[in-house]
Amino acid sequence: MALALAASCQAHDTWLERSGAAGEALFSLGTANRFPRHEEPVDARVIAQSHCVDGQGLRRPLESLRMGRRFTLLRAPGLNTSSMSCAVQLQPLDVELSPELVGVYFREIGAGPEILRAWEAQRRRGTPFQERYVKVARYDGLTAAIEATPWPIDLRRVRPEQPLVIGQTLLLELRRDARALKGLPLEVLHEKSAQGIWLRSDEQGLIRVMIDKPGKWLVRGVELTPPVRESEPWSSRFIAYTFDVPSP
């Protein structure tokens with residue numbers, strides 16, 4: 001079943017966003033080739049864990065309500081959405097890519113020279129590109145709650161602690177298994193921008209995002225690791241961090 005379910009959410013972005021009226025704890029989870037429009041839903045069977053935490057420390061699981069044509073609707077009842085931080089982790093899934101798709105994939109994630117060299121050496125040996133990947137999607141409200149769960153990969157808001165407004169610099173910390181992850185390329189996308197801006201996490205795993213317009217935002221990145229042994233697959237961890245900035 002894993003390979004069949006992987007078809008709709010493998011190399012594309014999978015993100016979580018607030019859905020419905022303001023104040024409602026409803027969220028849509030879907031996959032697409034490019035933010036901001038979901039194109040395919042995520043089957044609830046591939047969700048490994050998911051929950052939301054609000055500023056009061058209340059924690060609720062994200063319940064799957066229904067799977068639509070473009071996204072799956074989730075709900076976290078009884079929480080304050082303005083201070084809510086929610087995350088979804090998908091089950092590890094396996095996929096095999098053709099050499100042509102590997103090149104496209106590497107360009108989409110900003111793969112560095114060490115990744116390109118490792119793949120070129122593997123390709124010369126005639127070994128196919130097989131990958132085991134896990135995805136984490138996080139959504140933060142106007143103010144973010146403290147989230148203590150150690151996800152496989154995660155972006156967490158450090159500041160501002162007050163509600164987001166235009167003109168602020170958003171400081172995010174990138175973590176892998178609760179430890180700072182440095183040097184990873186991350187793309188920042190706004191829903192109305194044709195192209196994203198690439199940043200790289202610093203020695204402390206931090207990135208700084210200038211908020212210059214209202215609307216939906218996505219910060220995306222993939223940590224891709226070559227196999228240690230020829231018989232093993234590549235390993236990757238996808239992170240998609242979304243947030244909303246209100247109009248002034």
Does a sphere of radius 6.0 Å around [atom1] in [X] hold more than 12 heavy atoms from other residues, nucleotides or ligands, not counting ones at 6.0 Å or beyond?
X	atom1	value
Lys182	NZ	no
Gln162	CD	yes
Arg159	CZ	no
Arg37	CZ	no
Glu120	CD	yes

Q.
Using the rule side-chain contact (heavy atoms from CB on, under 4.5 Å), only one of Val188, Asp140, Leu218 pairs with Tyr241; which is it?
A. Asp140
Counting distance only, does the side-chain N/O of [X] pair as donor-acceptor with the main-chain N or O of [Y] below 3.5 Å?
X	Y	value
Ser50	Ala87	no
Ser235	Thr225	no
Ser201	Leu181	yes
Gln91	Arg45	yes
Thr72	Gly30	no
Glu147	Thr149	yes
Ser85	Ala144	no
Thr143	Ser82	yes

Do [X] and [Y] make a side-chain contact, defined as non-hydrogen atoms from C-beta onward lying under 4.5 Å apart?
X	Y	result
Val158	Gln204	no
Arg157	Leu170	yes
Gln89	Val134	yes
Leu62	Cys52	yes
Arg125	Glu230	yes
Ile47	Leu29	yes
Thr169	Leu171	no
Trp234	Pro226	yes

Taking the inter-plane angle between the rings of [X] and [Y] on a 0 to 90° scale, is it parallel (under 30°), tilted (30 to 60°) or perpendicular (over 60°)?
X	Y	value
Trp151	His51	tilted
Trp217	Phe243	parallel
Tyr105	Phe129	perpendicular

(Q) Assess whether a salt bridge exists between Arg117 and Glu114, defined as any Lys/Arg side-chain N lying under 4.0 Å from an Asp/Glu carboxylate O. (A)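 No, no charged N to carboxylate O under 4.0 Å.
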With a 4.5 Å cut-off on side-chain heavy-atom distances among I, L, V, M, F, W and Y, is there a chain of contacts connecting [X] to [Y]?
X	Y	answer
Leu16	Ile153	no
Ile115	Val102	yes
Phe27	Leu90	yes
Leu172	Ile166	yes
Leu189	Val219	no

Closest non-hydrogen atom pair, [X] against [Y]:
X	Y	value
Ile109	Val222	CG2-CG2, 3.6 Å
Glu191	Lys216	OE2-N, 2.8 Å
Gly110	Pro185	O-CG, 3.5 Å
Gly68	Pro41	O-CG, 3.2 Å
Ser19	Ser28	CB-N, 4.0 Å
Ile146	Val53	O-CG1, 3.8 Å

Q. If we ignore angles and hydrogens, is there a donor and acceptor under 3.5 Å between the side chains of Ser236 and Glu131?
A.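 Yes, a side-chain donor-acceptor pair sits under 3.5 Å.
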Rounded to the nearest 0.5 Å, what separates atom [atom1] in [X] from atom [atom2] in [Y]?
X	Y	atom1	atom2	value
Arg132	Asp94	CZ	CG	4.0 Å
Lys135	Thr31	NZ	OG1	5.0 Å
Glu223	Arg176	CD	CZ	4.0 Å
Leu199	Arg208	CG	CZ	10.5 Å
Asp244	Tyr139	CG	OH	4.0 Å
Glu108	Leu101	CD	CG	9.5 Å

Q) How far apart are the C-alpha atoms of Ile239 and Asp154, what are their side-chain angles, what is the distance that settles it, and do they pass the side-chain contact (heavy atoms from CB on, under 4.5 Å) test? A) CA-CA 6 Å; Ile239 180 63; Asp154 202 2; 4.2 Å; yes
Q | Trp15 and His38: CA distance, side-chain angles, deciding distance, side-chain contact (heavy atoms from CB on, under 4.5 Å) verdict | A | CA-CA 8 Å; Trp15 68 87; His38 285 136; 3.0 Å; yes
Q | Pair Glu173-Arg156, salt bridge (charged side-chain N to carboxylate O under 4.0 Å, His left out): steps then yes or no | A | CA-CA 5 Å; Glu173 181 184 28; Arg156 303 185 183 193; over 6 Å; no
